Structures are given as structure tokens and as C-alpha cells.
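Worksheet: one structure, shown below.
Below, each value reflects all heavy atoms present in this structure, side chains not excepted, and no hydrogens, waters or symmetry copies. Sequence lines set the chain letters: A, B, ... in the order given, protein chains first and strands last, and positions in each chain run from 1. Since we're looking at a predicted model, the values are computed, not measured.
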Amino acid sequence: MLYLLDLAGVFVFALSGALMGVRKRLDVVGMGVLAGMTSLGGGLVRDLILNVRPAAFQSTGYVLVPLAATVIVFFFHPHVARVMPAILVLDAAGLGLFCAVGTQKAMEYGLSPLHAVLCGVLTAVGGGMIRDVLAGEIPTLLYDRQLYAVPALVGSALMAGLHLYGVTGWQATLAAALLAFGLRITAMRRKWRAPLARGLTE
Amino acid sequence: MLYLLDLAGVFVFALSGALMGVRKRLDVVGMGVLAGMTSLGGGLVRDLILNVRPAAFQSTGYVLVPLAATVIVFFFHPHVARVMPAILVLDAAGLGLFCAVGTQKAMEYGLSPLHAVLCGVLTAVGGGMIRDVLAGEIPTLLYDRQLYAVPALVGSALMAGLHLYGVTGWQATLAAALLAFGLRITAMRRKWRAPLARGLTE
Amino acid sequence: MLYLLDLAGVFVFALSGALMGVRKRLDVVGMGVLAGMTSLGGGLVRDLILNVRPAAFQSTGYVLVPLAATVIVFFFHPHVARVMPAILVLDAAGLGLFCAVGTQKAMEYGLSPLHAVLCGVLTAVGGGMIRDVLAGEIPTLLYDRQLYAVPALVGSALMAGLHLYGVTGWQATLAAALLAFGLRITAMRRKWRAPLARGLTE
């Protein structure tokens with residue numbers, strides 16, 4: 001069940017990567033690379049840090065799903081782009097799921113709660129950062145002042161906290177993912193913004 | 001024998017990295033970094049994924065060869081740039097060899113054929129992608145529509161297929177490398193191009 | 001003692017990362033990411049190469065110190081920027097310490113002296129390179145012709161040499177760090193410059 005949800009998150013992230021490829025007029029190879037890195041990059045970073053064989057290289061689904069997303073965007077990108085608002089909601093769901101799963105895996109492998117939270121955030125936002133760097137842009141995350149990393153941080157922190165109190169498994173994952181998702185959606189609707197350094201004019 | 005061929009591939013990739021350093025007017029340090037990352041980056045990525053100590057940090061040749069390439073380009077870059085067409089042929093040979101070797105190593109370390117193919121492609125194209133990112137450019141691979149990753153993909157697939165039928169060792173490596181090399185050369189001559197997403201005008 | 005010095009190096013590198021975030025008008029998340037990557041990125045690269053769990057994910061200090069640097073720069077960046085000349089001196093000290101510590105750790109984990117030196121240099125300069133790439137710039141190291149990697153290389157080489165002669169521990173670290181620090185400071189004062197490829201006009 002969690003695996004299927006995870007694949008759904010990979011699919012949504014891969015769509016956003018392939019769409020950036022279209023927007024930047026990359027060819028089909030570039031679309032595939034961005035789809036793959038956006039959807040799998042965060043988990044790759046997490047697994048490199050945990051010093052284990054990356055999950056993306058152990059499961060067939062993690063290869064086929066980004067491939068399928070690339071094919072879909074290749075043929076139907078105007079349609080996919082038109083449902084972008086819906087994709088942003090799904091992306092928020094993926095963000096929530098990835099931060100929860102990442103934190104859990106990190107704690108299972110013996111990281112302290114503090115480091116597990118960091119690892120969870122990296123799982124959630126790492127793929128998008130790699131996508132932006134490969135596309136020749138400063139990672140959106142660093143400047144655009146939307147709350148994106150912060151909801152992941154809060155969700156990861158809840159996950160680590162629940163783990164400390166002995167609550168693990170899908171209940172904890174669900175709670176943490178929902179919290180991050182809800183925060184992300186609220187931040188989008190209310191246009192909450194991350195602050196600039198003190199004294200910088202907007 | 002295979003080790004010597006591999007060093008030859010490293011040398012060619014290092015030349016291309018150092019030449020990009022000259023073109024971008026980097027200093028000698030920048031030339032060396034680009035030479036090293038272009039030639040060793042793909043293998044580094046492969047070994048990080050396989051979760052083993054990188055080959056580049058176990059063999060003296062892998063350090064000395066990029067160093068030699070940097071020195072040669074430093075003093076003789078106009079001559080080296082003049083033989084660029086020949087270098088493109090050698091680069092295609094390096095591409096073929098790297099995808100074959102990468103796929104084989106991945107299968108030896110227990111990856112499934114599908115993932116081994118992906119790993120082989122990353123071995124072949126990863127260094128060039130890192131080079132372009134460090135040089136402040138979108139990786140050529142993503143947009144320039146030449147077939148570069150595709151020949152590596154086909155060569156890796158042959159390697160994995162042969163492995164499944166029990167054909168390994170230098171014969172398999174040679175066959176896979178030649179196939180990727182031949183495809184790459186043919187693609188260059190015939191100017192085959194990777195497609196843009198459907199509906200994008202050229 | 002060495003741990004405290006190391007944390008001091010992390011702090012200085014994190015200040016420089018967060019300041020770049022202010023200069024580029026990133027938000028507080030971007031400042032934190034740059035602070036973290038600048039200060040911990042080099043060690044991360046080293047530990048990925050050595051195939052061990054990264055030090056940054058085992059010690060609380062390595063998370064809290066970049067966080068503190070981000071908070072300080074967030075509130076007091078005009079003051080911090082004003083003492084930039086002092087920071088450059090501290091940065092040189094961090095450079096020296098990081099190359100010495102990196103080389104030592106690499107030799108402890110069984111790398112050859114040649115590879116340990118390479119690893120030491122990467123420890124010292126890797127974080128800054130990642131910072132520049134994330135900030136959308138070509139790594140300063142590659143083009144600006146200041147001697148930055150070279151002092152790290154010389155310090156690492158001394159460290160490896162001392163290790164070969166049985167001199168290890170804090171005496172060796174101190175000697176190597178001081179040599180790299182001294183060279184870096186001298187290079188800054190005398191404006192020593194790394195050469196461009198032969199024949200390129202300045």
C-alpha cells in the first residue's frame with residue numbers, strides 16, 4: 001500500500017520534471033533525465049547518506065513510472081500543463097509522503113531524530129533541487145519564498161516525534177504526510193512567504 | 001587489457017574536459033577539475049550507486065591520466081582543438097567502452113538487468129553532465145538532440161542481454177562497446193536527432 | 001579539541017554560505033541551504049567517497065552550527081559583511097584544517113597517499129563548489145585564478161607525507177593546516193595567480 005502511494009508520488013514528481021523539460025525545449029532524452037532526477041533524486045540523496053543501495057536501483061517500478069510519465073508528457077503535454085493546478089496539489093501530497101517516508105527510513109537506519117528530520121527534508125526536496133540545477137536554474141526552493149521546505153520540515157519533525165513515542169508504521173506516516181500536505185496547501189492558498197534577511201527590501 | 005582500454009577512455013574524456021576549460025577561459029585548476037570530473041565522474045556516480053569504494057580512488061592511473069591530459073591541453077590546446085573531429089571519434093569509443101564496463105560491473109554487484117542498463121548509461125554520460133553543470137551550462141545531453149545517451153542505452157542493453165545468456169568477459173564488452181560506438185558514429189554522420197515533445201516546432 | 005576546531009571551520013564556511021545567500025537575495029531557506037552545503041558539503045563528498053556514513057549526519061554540532069550561522073547572518077548581515085576581510089582569514093584557516101582532517105581520515109580508511117591527498121583537497125574545496133553551483137554560478141575555484149585549491153593540495157600532501165613517516169595525530173594536522181593556511185594568506189597578499197592555458201591573453 002505504502003509502496004503504491006510512493007509510486008504515485010514518484011509519478012507526480014516525474015510529471016513536473018518532464019514538463020520542465022518541455023518548457024525548456026529539451027529533447028526527449030532531457031525530458032526523461034529531468035523526470036527521473038526529479039522523482040528519484042531525493043531518495044537517491046537519502047540512500048547515499050544512509051550508505052545503502054538506493055531504492056531506485058532495486059525496484060522495477062521506480063524506473064518504469066518516470067518512463068511512463070515522460071511518455072505521457074511527450075505526447076500530451078498541453079493537456080498535462082492545463083491541469084497544472086491539480087498537479088500542484090498532487091505535488092504537495094508527494095512532498096508530504098516523501099518527507100515522512102524519508103524520515104522513517106533514516107530512523108530505521110539508526111540516525112538520530114535531528115538527522116533523520118534533515119534526511120526526510122532532503123528526500124522531499126532533493127529531487128526538485130537537482131532538476132533545477134540540471135535545467136540551468138537556481139533551485140526554486142532557495143529564493144522563491146514559497147513555503148516548500150518548511151512544510152516538509154514540520155512533517156518530518158512530527159514523524160520523528162511520533163517515532164520517539166513509539167508510534168510508527170502507516171499511522172505515523174499518514175499523520176506526518178497529512179500535516180506536511182495541509183501546511184503546504186495552506187501556504188499556497190494564503191501566499192505565506194519565507195522571510196528575506198532582515199533589512200532587505202522586497 | 002581492459003584496464004588499458006579503460007584508461008584510454010579516461011584520457012579522451014579528460015581531454016574534452018580540459019578543452020572546455022580552455023574555451024571557458026578557466027585557469028589551470030579549473031581545467032584540471034573539469035578534466036577529472038568529465039573522465040571520472042561517470043564511474044564515481046556508478047560506484048556511489050553500487051555502494052562500493054570508487055574505482056577512481058583505488059587506482060593510480062585514474063589520477064595520473066586526467067592530470068596528463070590537463071598538462072597536454074595546457075601547453076598544446078590549439079593543436080588538440082584542431083584534431084577535435086578525431087577526438088569525437090575517440091569520445092564515441094570511450095562512450096561505448098564505459099557503458100559496457102558500467103553495465104557489467106553493475107550486474108556483478110547484483111543489480112537487475114534493467115537497473116544495470118541504467119547504471120551503464122550513467123557511467124557513460126554522467127561525467128559529461130557533471131562537466132557541463134560545473135561549467136555553468138545545461139548538460140548538452142539534455143537539449144542538443146544528438147544521439148549520445150541512446151547509443152549508450154543500446155550498448156548497455158546488449159551487454160545486459162548477453163550477460164543473461166551467459167556471455168560475459170571481454171567478448172561481451174567488445175560487442176556492446178562496438179555496437180554503441182557504431183551507433184554513435186552513424187548518428188553523427190547521418191545527423192540523426194532526438195525528437196522534441198510532440199507539437200513543438202523546431 | 002580537534003572537534004572544536006572543526007566546528008569553528010564549519011562555522012566560518014557556513015557564514016560565507018549564508019552571506020552569499022543574502023547577496024543573491026535568497027530567502028531564509030536558501031540562506032540555510034547554502035550555509036549547510038558550504039560548510040558540510042566537502043565532508044559529505046569525502047565520506048561518500050570513503051563509503052562511510054557522513055560525519056555531518058552523526059554529530060549534532062554539525063547541524064546546529066550552520067543553523068546558528070544562518071540565524072546570525074539573517075539578523076546581522078551588514079555587520080558580518082563588514083568584517084569580511086577577517087572572515088577571509090578565518091576561511092583560510094578552515095581551508096587548512098579541512099584539507100588536513102580530510103587527508104587523515106582518507107588514510108585511516110585505507111586510501112593510498114595519492115588518493116588521500118585528492119580526498120583532502122575535495123574536503124576543503126567541495127563545499128564551496130557546491131555552494132556556487134546551487135547559487136547558479138560557475139565555481140569560483142575554476143576561474144578566478146586565486147590560489148585556493150593549491151594551498152589545500154600542498155597541505156594535504158604534507159599531511160600524507162608526514163603520515164608515511166609515521167607522524168600522525170594533532171601535530172601532523174597542525175603542521176599541514178598551518179602550511180596550507182600560510183600559503184593561502186601569502187597568495188592573497190601577494191596576489192599570486194594560477195596560470196591560464198598557454199597563449200591565452202589575460
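Put simply, of C:Gln58, C:Met31, C:Lys24, C:Glu137, the one with the most heavy-atom pairs under 4.5 Å next to chain A is C:Gln58. Note: A:Pro195 leads A:Cys119, A:Gly110, A:Pro195 in heavy-atom pairs under 4.5 Å with chain C. Between chain A and the residues C:Phe75, C:Phe76, C:Tyr62, C:Phe57, the largest count of heavy-atom pairs under 4.5 Å involves C:Phe57. Ranked by non-hydrogen atom pairs under 4.5 Å with chain C, the options A:Asn51, A:Leu50, A:Leu153 are led by A:Asn51. Considering only heavy-atom pairs separated by less than 4.5 Å from chain C, the leading option among A:Asp132, A:Val133, A:Leu111, A:Val150 is A:Leu111. Of the listed residues (A:Leu48, A:Leu200, A:Ile138, A:Ile49), the one with the most heavy-atom contacts under 4.5 Å to chain C is A:Ile49.
Pairing each heavy atom of A:His115 with each of C:Ser59, the nearest pair is NE2-O, 2.8 Å. C:Asp27 and A:Asp144 get closest at one heavy-atom pair: OD2-N, 3.9 Å.
Only the backbone of C:Ala56 comes within contact range of chain A, with heavy atoms under 4.5 Å apart. With a 4.5 angstrom heavy-atom cutoff, C:Leu134 touches chain A via backbone and side-chain atoms both. Within the 4.5 angstrom heavy-atom criterion, only side-chain atoms of A:Leu122, from C-beta onward, approach chain C. No part of A:Tyr148 comes within reach of chain C, as not one of its non-hydrogen atoms sits under 4.5 angstrom from that chain. Both the backbone and the side chain of A:Ala194 come within less than 4.5 Å of a heavy atom of chain C. With a 4.5 Å cut-off on non-hydrogen atoms, C:Val63 touches chain A through its side chain but not through its backbone. Using a 4.5 Å cut-off between heavy atoms, C:Thr60 contacts chain A through both its backbone and its side chain. Only the side chain of A:Leu114 comes within contact range of chain C, judged by heavy atoms closer than 4.5 Å.
We find the CZ-CZ distance between C:Arg25 and A:Arg145 to be 8.5 Å, quoted to the nearest 0.5 Å.
For C:Tyr3, the OH atom counts as densely surrounded, since its 6.0 Å shell holds more than 12 non-hydrogen atoms of other residues, nucleotides or ligands. Annotation: A:Trp192, atom CH2; neighbour count of heavy atoms from other residues, nucleotides and ligands within 6.0 Å is above 12.
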